[in-house]
A.B. asks: 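One structure coming up, written as structure tokens, with questions to follow.
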Amino acid sequence: MSFCSFLGIYRDDSMCIFKPSVQGYFCKQADHALVILENLDPSMGSQRLFPVVVMTDSFMDTFSDVTPHTLCNPEEHRSTFFSVLPSTKLTTVCFPDVAPLTFRLYLLSGRNATRLPLAIFYNEPLSLRVFIQGKYVSPTPSSFSTNEGAGTNYFSFEDNLLYVMLHEKEPVEIVADLSLLVAFTVTEAVGEEVEARIIRRLADFLRIGHDQVRAVYHVLGGESMLKVISANASKKKYHCPNMAFCTAFHSRYGSEKMGRGPVSTRALQPSDAAGPSRVLIIEFGDPPGHPRNESTNDILKTLARTIINTHQTGDLQKGLGLPIDTLMVTQSALLFPAEANNRNGSRQHPETCLYVRPYNISVQVQPSDGEIEKQLPVQPKIIFLDKKVGSAPLWMDASIKSTQF
């Protein structure tokens with residue numbers, strides 16, 4: 001599947017006439033609004049945010065930087081951007097690297113009834129909070145109509161898109177909260193009561209408060225759906241244009257076509273039909289609106305290690321009383337910043353890892369004695385047998401790191 005886009009503000013060709021004298025279009029009954037994006041993340045400067053790209057149907061544009069550069073200390077003020085977007089169409093917003101942890105959106109149109117839907121792409125599944133005048137707006141289950149109120153939102157884990165509704169004169173603030181996301185499959189017959197029981201058992205098993213764990217999403221599907229949710233890099237290629245192209249040509253407007261390159265949509269679709277199971281996504285962390293605790297990061301890292309280890313030993317399955325073969329755990333850049341950066345300092349696609357529980361582990365070759373910091377003369381060979389693989393071994397590379405205390 002390939003995409004071609006036109007550079008410039010979205011237009012409906014049935015209502016627009018091209019004027020050669022001005023090399024531009026004159027449109028009637030156009031319904032657009034000026035959308036303001038205000039960065040509230042002090043750790044992210046305006047240079048890292050440019051260009052913020054918007055896609056509406058086949059049209060691509062960028063947010064323009066309106067931050068004044070004449071101030072004595074530009075690091076002390078917020079960076080602000082604007083773009084003109086159609087209020088009757090859904091527009092996708094893509095950041096060049098990562099989205100700010102906190103930013104504000106509002107629109108100006110001169111019409112109090114103007115409503116504008118946005119889909120904001122994130123490089124990884126996150127716990128995103130939406131606020132209107134400081135009040136938390138709970139997400140809707142899976143969708144919303146254009147008649148919904150300001151701040152109406154939901155996050156699509158299949159696409160890494162936050163859908164949010166903007167209203168005239170009602171700023172929407174979006175905050176990325178620190179949390180850990182874990183997913184596994186349960187039988188479709190599991191109802192709300194059983195789901196709540198699973199959450200309580202999980203909290204008791206991990207010895208954390210019941211208010212620190214909650215179910216945030218569920219969707220029909222099995223292991224293939226877990227693979228779809230974890231395919232962050234594929235989702236980026238599918239929903240967002242090539243940022244290098246945008247950086248080079250962000251100031252060019254006209255009828256030039258831009259190719260985003262072929263992208264296989266099969267990478268974004270489950271390979272098997274939705275069976276009698278569904279994927280349950282669980283969030284660990286403080287409740288929405290709770291003041292951020294400095295120790296939360298270390299607590300969530302410890303939880304991640306505990307969940308992964310107990311899953312692979314089978315203790316997690318026993319504790320919950322559920323058959324869990326594959327577990328998804330987000331390796332969020334918020335929790336693991338060092339792992340999310342490469343040696344050049346640029347951000348990589350955060351990993352959302354799948355962990356398969358081994359059903360049999362055996363040592364085929366025992367290692368020989370050796371010397372410190374030297375390769376063992378006889379390397380060990382360990383065979384992991386997966387439930388689906390049967391008698392075929394799973395080979396993997398392993399290394400041992402020394403730790404100083």
A.B. asks: Report yes if some heavy atom in the side chain of Val172 is under 4.5 Å from a heavy atom in the side chain of Met165; otherwise report no.
C.D. replies: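 They are not in contact (no side-chain heavy atoms under 4.5 Å apart), so the answer is no.
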A.B. asks: Tell me, with the steps shown, if Thr56 and Thr91 meet side chain to side chain donor-acceptor pair (under 3.5 Å).
C.D. replies: CA-CA 5 Å; Thr56 309; Thr91 296; 2.7 Å; yes
A.B. asks: So which heavy atom on His311 is nearest to which on Val356, and how close?
C.D. replies: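 Looking at all heavy atoms of both residues, the closest pair is NE2-C, 4.0 Å.
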A.B. asks: Please lay out, stage by stage, how Asp286 and Gln212 fare under the test side-chain contact (heavy atoms from CB on, under 4.5 Å).
C.D. replies: CA-CA 5 Å; Asp286 294 326; Gln212 296 295 304; 3.2 Å; yes
A.B. asks: Does the gap between the ring centers of Tyr122 and Phe157 come in under 6.0 Å?
C.D. replies: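 So the answer is no for these two rings.
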A.B. asks: Can you check whether Glu148's main-chain N or O pairs, donor with acceptor, with Thr152's side chain at less than 3.5 Å?
C.D. replies: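 No: the side chain of Thr152 does not pair with the backbone of Glu148.
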A.B. asks: Would you say the side chain of Arg115 lies within less than 4.5 Å of the side chain of Asn147, judging by non-hydrogen atoms?
C.D. replies: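 Sidechains of Arg115 and Asn147: in contact.
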A.B. asks: Please round to the nearest 0.5 Å and tell me the distance separating atom OG1 of Thr114 and atom NE2 of His167.
C.D. replies: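 Reported value, rounded in 0.5 Å steps: 9.5 Å.
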A.B. asks: Locate the shortest heavy-atom distance separating Leu354 from Lys227; write the atom from each residue and the value.
C.D. replies: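 Leu354 and Lys227 have their closest heavy atoms at CD1-CG, 3.5 Å.
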A.B. asks: Find out whether Met225 and Val219 are in side-chain contact, i.e. whether some heavy atom of one side chain is under 4.5 Å from a heavy atom of the other.
C.D. replies: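 Counting from C-beta outward, Met225 and Val219 do come under 4.5 Å.
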A.B. asks: At their closest point, which heavy atom of Met60 faces which heavy atom of Pro241, and how far apart are they?
C.D. replies: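 In terms of heavy atoms, the two residues are closest at SD-CG, 4.1 Å.
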A.B. asks: For the CG atom of Leu85 and the CG atom of Leu118, what is their distance to the nearest 0.5 Å?
C.D. replies: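 If I round to the nearest 0.5 Å, the distance is 6.5 Å.
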A.B. asks: Step by step, work out the side-chain contact (heavy atoms from CB on, under 4.5 Å) result for Tyr163 and Leu90.
C.D. replies: CA-CA 9 Å; Tyr163 293 87; Leu90 176 68; 3.7 Å; yes
A.B. asks: Do Arg214 and Ile199 pass the side-chain contact (heavy atoms from CB on, under 4.5 Å) test, and can you show the C-alpha distance, the side-chain angles, and the key distance before you say yes or no?
C.D. replies: CA-CA 7 Å; Arg214 63 201 70 87; Ile199 299 302; 5.6 Å; no
A.B. asks: Determine yes or no for a side-chain-to-main-chain donor-acceptor pair under 3.5 angstrom, with Gln317 supplying the side chain and Ile324 the backbone.
C.D. replies: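 Yes: the side chain of Gln317 pairs with the backbone of Ile324.
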A.B. asks: Please tell me whether Thr88 and Asp31 have a donor and an acceptor in their side chains that are separated by less than 3.5 angstrom.
C.D. replies: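 Absent: no donor and acceptor within the cut-off.
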A.B. asks: Say you draw a straight line from CE of Met55 to OG1 of Thr62; how long is it, rounded to the nearest 0.5 Å?
C.D. replies: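 It comes to 12.0 Å.
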A.B. asks: What pair of heavy atoms forms the shortest contact from Ile9 to Phe59, and how long is it?
C.D. replies: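 Closest pair (atom of Ile9, atom of Phe59, distance): O-CD2, 3.7 Å.
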A.B. asks: I'd like to know if Arg197 pairs up with Glu192 as an ion pair, taking the criterion as any Lys NZ or Arg NE/NH1/NH2 lying under 4.0 Å from an Asp or Glu carboxylate oxygen.
C.D. replies: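 Answer for the salt bridge query: no.
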A.B. asks: Under 3.5 Å, is there a donor-acceptor pair between the side chain of Asn153 and the main chain of Gly151?
C.D. replies: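 Confirmed, Asn153 side chain pairs with Gly151 backbone.
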A.B. asks: Indicate the atoms forming the closest heavy-atom contact of Ala183 with Leu226, along with that distance.
C.D. replies: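 Heavy atoms only, the tightest pair is CB-CD2, 3.8 Å.
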A.B. asks: So, the side chain of Ser87 versus the backbone of His32: is there a donor-acceptor pair under 3.5 Å, distance only?
C.D. replies: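 Not confirmed, Ser87 side chain does not pair with His32 backbone.
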A.B. asks: Do the non-hydrogen side-chain atoms of Glu173 and Thr102 ever get within less than 4.5 Å of each other?
C.D. replies: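 The answer is yes; the side chains approach within 4.5 Å.
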A.B. asks: Hydrogens and angles aside, do Thr352 and Ser230 bring a side-chain donor and acceptor to less than 3.5 Å of each other?
C.D. replies: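 Side-chain D/A pair, Thr352 to Ser230: absent.
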A.B. asks: Donor-acceptor pair, distance only, cut-off 3.5 Å: does the side chain of Asn39 make one with the backbone of Asp41?
C.D. replies: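 Checked: pair present.
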A.B. asks: Give a yes or no answer on whether the side chain of Lys235 reaches the backbone of Ile229 with a donor-acceptor pair at less than 3.5 Å.
C.D. replies: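 Side chain of Lys235 to backbone of Ile229, a donor-acceptor pair under 3.5 Å: yes, one is there.
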A.B. asks: Just wondering, do Phe184 and Met328 contact through their side chains at under 4.5 Å, heavy atoms?
C.D. replies: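 Of all side-chain heavy-atom pairs linking Phe184 with Met328, none is under 4.5 Å.
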A.B. asks: Atom CG of Leu40 and atom CD1 of Ile174: how far apart are they, to the nearest 0.5 Å?
C.D. replies: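 If I round to the nearest 0.5 Å, the distance is 10.5 Å.
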A.B. asks: Give the minimum heavy-atom separation between Asp97 and Asn123, together with the two atoms involved.
C.D. replies: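 In terms of heavy atoms, the two residues are closest at O-ND2, 2.6 Å.
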A.B. asks: For the atom pair CG (Leu101) and OG (Ser43), what is the distance rounded to the nearest 0.5 Å?
C.D. replies: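 Spacing of CG (Leu101) from OG (Ser43) equals 5.5 Å.
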A.B. asks: Pick from Ile308, Asn309, Ile307: which one makes a side-chain contact (heavy atoms from CB on, under 4.5 Å) with Leu316?
C.D. replies: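 By the side-chain contact (heavy atoms from CB on, under 4.5 Å) criterion, Leu316 pairs with just one of Ile308, Asn309, Ile307: Ile307.
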A.B. asks: Is any side-chain heavy atom of Thr80 closer than 4.5 Å to a side-chain heavy atom of Leu37?
C.D. replies: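 Contact flag for Thr80/Leu37 side chains = no.
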A.B. asks: Go through it in stages, so that I can follow the logic: the residues are Leu300 and Leu178, the test is side-chain contact (heavy atoms from CB on, under 4.5 Å), and I'd like the CA-CA distance, side-chain angles, deciding distance and then a yes or no.
C.D. replies: CA-CA 9 Å; Leu300 293 179; Leu178 190 63; 4.1 Å; yes
A.B. asks: State, without any angle test, whether Ser179 and Asp177 hold a side-chain donor-acceptor pair at a distance under 3.5 Å.
C.D. replies: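 Short answer, no.
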A.B. asks: Report the residue from Glu38, Lys169, Glu170, Glu168 that forms a side-chain contact (heavy atoms from CB on, under 4.5 Å) with Tyr106.
C.D. replies: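 Checked Glu38, Lys169, Glu170, Glu168 against Tyr106; only one passes side-chain contact (heavy atoms from CB on, under 4.5 Å): Glu38.
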A.B. asks: Nearest 0.5 Å, please: how far is SG in Cys94 from NE2 in His239?
C.D. replies: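 Rounded to the nearest 0.5 Å, the NE2-SG separation comes out at 8.5 Å.
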A.B. asks: Is a donor from one side chain sitting under 3.5 angstrom from an acceptor on the other, for Asn232 and Asn160?
C.D. replies: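 A pair is found: one side chain offers a donor N or O, the other an acceptor, under 3.5 Å apart.
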A.B. asks: Hey, which of Ile36, Val93, Ile120 is the one that makes side-chain contact (heavy atoms from CB on, under 4.5 Å) with Leu105?
C.D. replies: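 Single side-chain contact (heavy atoms from CB on, under 4.5 Å) partner of Leu105 among Ile36, Val93, Ile120: Ile120.
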A.B. asks: Ignoring hydrogens and angles, tell me if any N or O in the side chain of Gln366 forms a donor-acceptor pair with the backbone of Val363 under 3.5 Å.
C.D. replies: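 No, Gln366 side chain to Val363 backbone: no donor-acceptor pair under 3.5 Å.
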A.B. asks: Taking the side chain as everything from C-beta on, heavy atoms only, tell me whether Leu280 gets closer than 4.5 Å to Glu195.
C.D. replies: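 With C-beta onward as the side chain, the pair touches.
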A.B. asks: Kindly say whether Ile281 contributes a backbone atom to a donor-acceptor pair with the side chain of His218 at under 3.5 angstrom?
C.D. replies: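 Answer holds: no.
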A.B. asks: Checking the side chain of Arg201 only, and the main-chain atoms of Leu320 only, is there a donor and an acceptor separated by less than 3.5 Å?
C.D. replies: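 Yes: the side chain of Arg201 pairs with the backbone of Leu320.
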A.B. asks: Out of Phe81, Phe131, Phe95, which residue meets the ring-ring contact (aromatic ring centres under 6.0 Å, His included) rule with Phe103?
C.D. replies: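 When Phe81, Phe131, Phe95 are each tested with Phe103, the ring-ring contact (aromatic ring centres under 6.0 Å, His included) holds only for Phe95.
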A.B. asks: Does the Ser277 side chain pair with the main chain of Gly221, one donor and one acceptor, at a distance under 3.5 Å?
C.D. replies: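 Judged by distance alone, yes, a pair lies under 3.5 Å.
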